[in-house]
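Here's the structure, in structure tokens; my notes come after.
On a predicted model such as this, the values are computed, not experimentally measured, just so you know.
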Amino acid sequence: QVQLVESGGGEVQAGGSLRLACAASGRTFSSYGMGWFRQAPGKERQFVAAVTQSRQNTYYSDSVKGRFTISRDDAKNTVDLQMNNLKPEDTAVYYCAAAVPPYTVAYASQYSYWGQGTQVTVSS
């Protein structure tokens with residue numbers, strides 16, 4: 001089992017940057033696939049980015065590709081999301097999630113563990 005705690009959210013103007021961090025507990029962190037999802041008011045939870053176990057592969061939604069970068073540090077049990085060139089449509093609560101392989105990276109239902117979320121607000 002793993003517990004996840006996100007941090008780093010806040011308010012920023014369009015074009016700005018934020019870095020989200022997710023700290024995980026547990027000694028088997030490296031065996032989990034990790035993802036970031038977001039949910040805006042009145043909308044479904046949406047896939048943002050994922051990194052597979054052992055950092056073999058990274059995946060991004062089309063809406064953030066080229067602007068966001070996901071990274072993990074298995075020695076520190078952390079997974080970060082660097083967000084650049086933020087847009088108002090990026091405003092949402094961002095969630096860190098962990099999945100037990102095998103799984104499909106973009107499907108929220110296949111992630112077993114979730115953090116409490118952190119708010120990101122981008123003003124125009």
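Nearest heavy atoms, Ala106 versus Phe37: O-CE2, 3.8 Å. Listed here is the closest heavy atom pair of Ala108 and Trp114: O-CZ2, 3.4 Å. The two residues Gln46 and Ser63 have their closest heavy-atom pair at NE2-OG, 4.4 Å.
Two residues are said to be in side-chain contact when any heavy atoms from C-beta on lie closer than 4.5 Å; Asp90 and Phe68 meet this criterion. Within the 4.5 Å cutoff, the side chain of Leu4 has no heavy atoms near those of the Tyr111 side chain. Between Val2 and Thr28, the closest side-chain pair of non-hydrogen atoms is not below 4.5 Å. In this structure, the side chains of Glu89 and Val122 stay at 4.5 Å or more apart for every pair of heavy atoms. In this structure the side chain of Val93 never reaches within 4.5 angstrom of the side chain of Thr118, judged on heavy atoms. Looking only at side-chain heavy atoms (C-beta outward), Ser31 and Gln53 stay at 4.5 Å or farther from each other.
Proximity of a side-chain donor or acceptor of Ser112 to a complementary backbone N or O of Ala99 within less than 3.5 Å is not detected. Looking at Arg72, its side chain never comes within 3.5 Å of a backbone N or O of Gly33 through a donor-acceptor pair. Looking at Gln116, its side chain never comes within 3.5 Å of a backbone N or O of Val5 through a donor-acceptor pair. Not a single donor-acceptor pair under 3.5 Å links the side chain of Gln3 to the backbone N or O of Ser25.
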Would you tabulate the side-chain donor-acceptor contacts of residues 11-23 under 3.5 Å, counting partners in other chains and residues two or more places apart, or write 'none'?
residue : atom : partner : partner atom : Å
Ser17   : OG   : Asn84   : OD1          : 2.9
Arg19   : NE   : Asp80   : OD2          : 3.4
Arg19   : NH1  : Gln82   : OE1          : 3.0
Arg19   : NH2  : Asp80   : OD2          : 3.2

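Note that OG1 of Thr52 and CG of Asn57 are 4.5 Å apart. Values are rounded to the nearest 0.5 Å. Separation of atoms CE (Met34) and OG1 (Thr58) is listed at 14.5 Å; rounding is to 0.5 Å. Rounding to the nearest 0.5 angstrom, the gap separating the SG atom in Cys96 from the CD1 atom in Ile70 is 8.0 Å.
Seen from the ring of Tyr60, Arg67 does not count as a face-on cation partner, given the 6.0 Å and 45° thresholds.
When the ring-ring contact (aromatic ring centres under 6.0 Å, His included) test is applied to Tyr113, the partners found at least two apart in sequence or on another chain are Tyr32.
Applying the side chain to side chain donor-acceptor pair (under 3.5 Å) test to residues at least two apart or on different chains, the pairs with a partner in residues 94-103 are Arg38-Tyr94.
Criterion: ILVMFWY side-chain heavy atoms under 4.5 Å apart, direct or through other members. Under it, Val105 and Val48 are not part of a common hydrophobic cluster.
Ring centroid separation for the pair Trp36 and Phe47 does not come in under the 6.0 Å cut-off.
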